[in-house]
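Step one of this worksheet: look at the structure below.
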Amino acid sequence: MTPPLQFTHIKYLTMYWGFITWYLFVIYSRSYGHLYVGNPPPFRVDEDVTFLIMPLNRDPNASPPVGQQPFPCKGYQVDLDGAGGEPVAQWTAGQDVTFSLFDSTRTTGATMNKVGAGHSGGSCQVAFSYDKGKTWVVVYSWEGNCPRVATPGGVTNVYSLDQSYTFTIPEDFPTGHKVIFAWAWINASGNREYYMSCSSVSIKGTGSGTTITPAGPPLLIANLDPIRSECYTNQETSVIYPQKYIGDTVVERAPVALGLQSFPASDPNGCGSDNLAILKALQSPVS
């Protein structure tokens with residue numbers, strides 16, 4: 001029996017609007033969605049926001065398309081040797097400090113895009129380098145719902161309006177000028193990616209100043225070529241960092257998050273910023 005004409009129209013209109021909603025969601029997310037540390041301002045803060053918000057992975061949606069960027073900091077740490085590397089924040093060892101994530105509006109909070117690319121959160125770490133990005137020390141980690149999303153635990157691209165994060169600089173950190181502060185994000189859903197946003201800061205701590213990074217856990221690196229077959233995360237999961245990458249630092253695990261899961265690599269200890277072979281492989285852009 002042929003369905004009534006009215007029913008057929010409703011069916012196809014529903015399918016049509018469903019497709020349009022999905023299409024706009026994908027396009028809007030690609031164009032406007034990702035995040036970077038806006039406060040303290042990152043290296044090259046005044047350049048095209050596309051380059052600030054994109055992951056280290058390639059961005060085929062940029063115009064022209066952009067290939068994979070170098071680890072660390074998309075290569076922007078070279079600016080430390082010029083005027084673009086002057087510290088944008090002055091922090092003190094033992095101090096609680098707050099950083100904020102911005103999107104393509106170059107703002108945070110209520111003025112951010114209503115639909116973004118929150119990738120269902122994921123897991124994040126903050127780290128410092130005293131030697132221009134050669135070595136890193138992690139000081140704080142968030143497992144799950146980082147960045148915060150409006151409805152944690154499910155697949156969503158909608159951010160929470162609260163994108164400010166606070167941590168304590170270790171009280172035994174030495175004094176350093178032009179120290180790199182980095183935020184690294186491994187997203188929970190969507191393309192398997194790795195985000196990194198870097199800023200130059202000064203730290204007032206013990207001693208008169210050093211260019212040696214303090215001892216501590218290295219950054220976990222994942223989902224980048226050519227190491228993604230060994231160092232990767234699974235779709236719709238928020239990584240639980242292996243012990244090597246957290247040491248005795250503070251770890252904040254979300255009470256509700258999408259798919260909290262241990263890092264699945266067969267050799268997780270080989271996926272860190274202390275692996276010289278990995279660093280060499282990730283130093284150059286990949287087309």
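This is a predicted model, so every value here is computed, not measured.
Note: E143 CD to Q261 CD = 12.5 Å, rounded to the nearest 0.5 Å. Once rounded to the nearest 0.5 Å, the distance linking CG of L52 with CZ of F102 reads 11.0 Å. One distance of note links CZ of F71 with CD of Q283; it measures 10.0 Å at 0.5 Å rounding. A distance of 11.5 Å separates OG in S123 from CD in E252, rounded to the nearest 0.5 Å. Between atom CD1 of residue I53 and atom CG of residue L35 there is a gap of 8.0 Å, rounded to the nearest 0.5 Å. Here the CD-CG distance, from E193 to N187, works out to 5.0 Å after rounding to the nearest 0.5 Å.
In this structure, a donor-acceptor pair under 3.5 Å is present between the side chains of S104 and N113. Side-chain contact check for Y232 and E230: no donor-acceptor pair (N or O, by modelled atom type) lies under 3.5 Å. Residues Q125 and S141 have side chains that bring a donor and an acceptor to within less than 3.5 angstrom of each other. With 3.5 Å as the limit, one finds a donor-acceptor pair spanning the side chains of T168 and D96. Counting only N and O atoms by type, the side chains of Y165 and Q163 include a donor and acceptor under 3.5 Å apart. No donor-acceptor contact under 3.5 angstrom links the side chains of D274 and T135, judged on distance only. A side-chain N or O of D48 and one of T50 form a donor-acceptor pair less than 3.5 Å apart. Judged by distance alone, the side chains of T98 and T166 do bring a donor and an acceptor atom under 3.5 Å apart.
Of the possible polar contacts, none joining the D103 side chain to the T108 backbone as a donor-acceptor pair under 3.5 Å is found. In this structure a side-chain-to-backbone donor-acceptor pair under 3.5 Å is present from W185 to C146. When atom types are taken as modelled, the side chain of T237 and the backbone of V239 share no donor-acceptor pair closer than 3.5 angstrom. S197 places a side-chain N or O within 3.5 Å of a backbone atom of V37 that can act as its donor or acceptor partner. Of the possible donor and acceptor atoms, none in the side chain of Q69 sits under 3.5 Å from a partner among the backbone N and O of R58. Not a single donor-acceptor pair under 3.5 Å links the side chain of N145 to the backbone N or O of A254. Using modelled atom types, one side-chain atom of S189 and one backbone atom of H119 make a donor-acceptor pair closer than 3.5 Å. Formation of a donor-acceptor pair under 3.5 Å by the R148 side chain with backbone atoms of D162 is found in this model. Checked by atom type and distance alone, the side chain of S273 pairs as donor or acceptor with a backbone atom of L219 at under 3.5 Å. Looking at Y245, its side chain does come within 3.5 Å of a backbone N or O of C271 through a donor-acceptor pair.
For the pair A188 and S238, the tightest heavy-atom approach, listed with the atom from each and the gap, is CB-OG, 3.7 Å. What you find for V179 and S129 is that their closest heavy atoms are CG1-O, 3.4 Å. Minimum heavy-atom separation, R106 to E47: NH2-O, 2.6 Å.
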Quiz prompt | Residue pair Y195, N57: steps toward the side chain to side chain contact (heavy atoms under 4.5 Å, CB included) verdict | solution = CA-CA 8 Å; Y195 295 78; N57 311 75; 5.9 Å; no
Quiz item: Run the side chain to side chain contact (heavy atoms under 4.5 Å, CB included) check on I278 and I221 step by step: do they pass?
Solution: CA-CA 9 Å; I278 280 182; I221 307 171; 4.2 Å; yes
Practice problem: Tell me, with the steps shown, if R228 and D225 meet salt bridge (Lys or Arg N to Asp or Glu O under 4.0 Å). | Solution: CA-CA 5 Å; R228 68 167 61 243; D225 293 325; 2.9 Å; yes
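Using a cutoff of 4.0 Å between basic side-chain nitrogens and carboxylate oxygens, K178 and D81 are not scored as salt-bridged.
Classified by interplanar angle (parallel below 30°, tilted 30° to 60°, perpendicular above 60°), the ring pair F167/W142 is perpendicular. In this pair, F128 and F181 present their aromatic rings tilted. The plane angle is within the 30 to 60° band.
No more than 12 heavy atoms of other residues, nucleotides or ligands shown are found within 6.0 angstrom of CD on E171. In this structure, K204 places its NZ atom where only 12 or fewer heavy-atom neighbours from other residues, nucleotides or ligands lie under 6.0 Å away. At most 12 heavy atoms of other shown residues, nucleotides or ligands fall within 6.0 angstrom of atom CG in D248.
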